Each structure stands twice: as C-alpha cells, then as structure tokens.
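All values reported here derive from a predicted model rather than from experimental measurement.
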2 protein chains.
Amino acid sequence: MTTGGISGWQSVQDEVLRRIHTRQWKPGDTIPNEAELSLEFGCARATVNRALRNLAEMGLLDRKRKAGTRVALHPVRKATLDIPVIRRDIEAKGFAYRYSLISRSMREPPIDVRGRMQTRQGDRLLHIKALHMANGRPYVFENRWINPKAVPQALDVDFETNSPNEWLVANIPFEGGDITFSAKTSGQEDAHVLDCGEGEGLFIIDRSTWSGGQIITSVRLTFAPGYRMHTEL
Amino acid sequence: MTTGGISGWQSVQDEVLRRIHTRQWKPGDTIPNEAELSLEFGCARATVNRALRNLAEMGLLDRKRKAGTRVALHPVRKATLDIPVIRRDIEAKGFAYRYSLISRSMREPPIDVRGRMQTRQGDRLLHIKALHMANGRPYVFENRWINPKAVPQALDVDFETNSPNEWLVANIPFEGGDITFSAKTSGQEDAHVLDCGEGEGLFIIDRSTWSGGQIITSVRLTFAPGYRMHTEL
DNA sequence: ATTGGTATTATGTATATACATAAAGAGCTG
DNA sequence: CAGCTCTTTATGTATATACATAATACCAAT
C-alpha cells in the first residue's frame, strides 16, 4: 500500500519532513493546504493541523492565515537548552556535588547591575558569592544579586549550606527572565576562585529573572575552563 | 464575575500560570485532572489539554498518564535559541555584512574532526576557512569541514562570494545535528584572523549536521571578543 | 492610478465524542 | 512477600463540525 502507515499526527509530520528533505517541497514552496492534505492522507484536518503547527514551531514551516503554508526559506532552527539547577547538572554528569559560600553582604551594586536590576542609586541589594564544585574541583562561580524588596525572605537565609541558586528555584517562582551567553577572559578573582590561570577563556551565563513586574535576581555564572553546553536540533 | 474572560486555551494557560505563581498550586502538587478543570473553566477537555500540554512543553508541568499532572519540582526552564544564518544575524543588528574566503582545500582532517564526522583514516574532506565581518570588523571566524561523499555538489562551489554557511543552508537540507557552546582562549590564528589580542576569551559554537545517516558538515564558529548570545525565557 | 471596502480563503480554535495507551493500584497466587 | 494479572484512570490522540480571524485578492469609486 502506498500510504504505508500514515495515521497519527506524527506520521503526517514524518511524511511532510520526508518531502522537505527529498526536496519534493523546496524552500519557499507553498505546500497544499490542510484540507487537501487531510484528504490525501485520509485523516482529519485537525490531525494535519497538529503536525504542521508542530513543524512551524520547530521553524521548518512558515504559516500565515490565508497565505498558506510554505517551507521556510531560512530554516531558523531553534535549539532548546535546558537550564537546570546547578547541583542537578553536576550530579547528572556523575560528579560529586559540593557547595561553599564565599561571601554574603548587603551593598549597593555597581552601576551595570543597577541597570539590569532597575534599582535606584543608594538602594542596597543582597550580594552573594558562592562556588559550586564537581568532584572537588571548582565548576562554576555564582555571583548573585538579590532584590530584597522582591524577596524579603532571602534576608533570613544564610546560604551557608544551600546555594542561592537552589533556594530561589525551590522557593521563589518567577514569570520570566533573560539569559545571555558570552565568553570572558579570566581575571584575578576568576583565576583565584576557579583555581585556573589568569587569561583563560571562560564561559559566562548572565541571567535575570522577574516576577510581578519586579526584578527578583540577577546572576553571573562563571564556568571553569573546559565547560561545554550541549544541545541537539 | 470571578471567571473573568476564561475562554480559549491561552486563558486557561494564563489561569494555570497564575495559580502556580501565586503558589495556590505549589511545586510537587498534583493539580486537578483535565476533566475537572474543563468543568471548572466551562470549556472542553481538549482546550484544557492544549493549555496543559503547552505548559508541560515549557517545562513547568510534569504530566504522566494515569499519574496525573503536577507542578514541576525543578522547573527546568527551556530556553529556545534561534540559530540564524550569520549574514542575517549581522544584518539584523544593523551592521553592514561582508564576507571573505580565507582558504579552501581538500585534506585529511585532524583526528578530532575525523571522530565528529565519522570518516575513515585517509578520507579527505573539503576544508574551508572564512571570515564574516560586521561594519568592517571581524565578527566570526568560520572553520568548516564538508563531507564530499554526502555533498558532492560542494566540490563545484568556490565559496569566493558566498559563505559555506549560507550555501549549505540554502542548498542542503539536513535532518538534525548537535551544537556545543563553549569558550576558549584565543591562540595565534584566532588573534590574527579576528584582529584581537592573544589570550582573550572567545565564544565558540561547534555544530555538526547530519542527514540520511551521513554527517554532512562540521563547523567551528569562533566569535570575536564581545559577542553575546541572548535569549528570553 | 490610488484608495477603500468587501468577498474569499487558509489557518486558528472550540466543541463533543470516541477510542488508545500507559501506568498505578488492587487483588490473586505461588 | 515477590511476582503476576486485571482493573481503573488520566492523559493522548483522532474525528466531524462549527465558527473566528487574518490576510489576500478583487472590484468599485474617486
């Protein structure tokens, strides 16, 4: 039978994918509409819709009302990264996790942090420096600012045994945030804390999270040399 | 009215989100099942399903058949990154794009590349080095290997005016791949090509793509200092 | 030719219904 | 009590139908 086993939206998706890969449908082409495809595949339009919607989410199809569905000209593939809790990240790799607090204080942040956290001059924030270790080796240096106006409970936590990373994830829900990935050259503090040389390239994640219109926290994670963040697409 | 305007799966999603954020439903809690929620919200179960499925995809809910739906204990937030064509990335930032080919040759790859590309000893690959510039400044150094067995057409392209990045995206469909993000310390070649100092931290993207069981290409993108990759969650 | 309104059309969503499937839990058996 | 089946149950999916909405295409009036 020519239809093989086309049943279920996944099969429809697979068949559409096949046609794209074999260039039966080339980038820029408008493909048949949902009604036609449902007829061809012998399934309901909703099933075709589910498949095409999914492919559009993956960035392989462009869909517009009335205009129809076309194969994406520039397949802007979307890689989805998991942003795990650091302890779980380390443990998932089979390493022993250890945590140690470096410092904890209230202070006025430098101007760049003030901008990111949208606080006024003179506002003091909770500042925490901590180190996460894998098998006894420094893994990532956590440099975090917490807004006490948004998270007053944080003032009662000493962060001696629990990292702010973990405490926040477990206790403070957030609505959204933004992440920036970059690289920097290790300075004196980095080299000291991460036990590496000065002038090494380090992987950086800067993250701010907000909820209810307030910035909750802003953190810089500085990873030890050799860190790699992997994903598939 | 207490229900406000709960209609449409997005409203259902918003309401569920609200209950999570207000801790009415705490991490680990099992929430009412689809049938109950559809009754409460006065909509069809399919509508609730759509909303909850979406939230599960975002990593906020854990769903299992029979076990029910619960609020994720460790909200592994998924950040989706766009992986654009370099030229579009640069142009989107409002910079003038320029491209220049550095070298093009057939050669046997070093052992690490041979591993990534799954080729045998003695197999020769097409090796291309190229530079992408933004407003005349080096932006990213493209160091690519192409498998001529998978992409024989590439042998007829000189890549003088079109980057392999762009040519491949436009001409060779791929099924999947993997990406690794990391940082490295600039060496002599990096410093020369990217016009920066030696010993600077550089952002690295390593990507391999495959189709039909064959590795098509493997590339290392070395970004000039200051590059940042941004996303929201 | 430009403007502007209207008809057309493909996707987007909601609905009730039905059946499939995974997995937990009960109950049975050795 | 370990190990097995069977039942129960919540999610997963497919279906036909209906209506909503965005965006194009067409036609008329200026």
So the stems of DNA chain D, runs of at least three Watson-Crick or G-U pairs (under 3.5 Å), are C:1-30 with D:1-30
Only counting residues at least two apart or in another chain, list the ones meeting ring-ring contact (aromatic ring centres under 6.0 Å, His included) with Phe174(A).
-> none
Could you tell me which residues satisfy ring-ring contact (aromatic ring centres under 6.0 Å, His included) with Trp167(B), sequence neighbours excluded, listed by chain and number?
-> Phe159(B)
With Gln13(B), which of Arg50(B), Met58(B), Arg18(B) fulfils side chain to side chain contact (heavy atoms under 4.5 Å, CB included)?
-> Met58(B)
Contacts under 3.5 angstrom, residues 221-233 of chain A side chains, donor-acceptor by atom type, not counting sequence neighbours:
| residue | atom | partner | partner atom | Å |
| --- | --- | --- | --- | --- |
| Thr231(A) | OG1 | Thr80(A) | O | 3.1 |

Could you tell me the separation between the CZ atom of Arg70(B) and the P atom of dA24(C), rounded to a whole number of Å?
-> 10 Å
Crowding at CZ, Arg98(A) (>12 non-hydrogen neighbours, <6.0 Å) = no
Pair up each side-chain donor or acceptor in residues 66-76 of chain B with any protein partner under 3.5 Å, not counting sequence neighbours, and list the distances.
| residue | atom | partner | partner atom | Å |
| --- | --- | --- | --- | --- |
| Thr69(B) | OG1 | Arg63(B) | NE | 3.1 |
| Thr69(B) | OG1 | Arg63(B) | NH2 | 3.3 |
| Arg70(B) | NH2 | Thr30(B) | OG1 | 3.1 |
| His74(B) | NE2 | Arg88(A) | NH1 | 3.3 |

Of all heavy-atom pairs linking Arg104(A) and Leu155(A), the shortest is NH2-O, 3.1 Å
For the residue pair Thr119(A) and Lys149(A), establish whether any side-chain heavy-atom pair is separated by less than 4.5 Å.
-> no
Quick tally for nucleotides 3-13 of chain C: nucleotides whose base has a protein heavy atom under 4.0 Å get B, sugar-phosphate-only ones S, the rest -, giving ------BBBBB
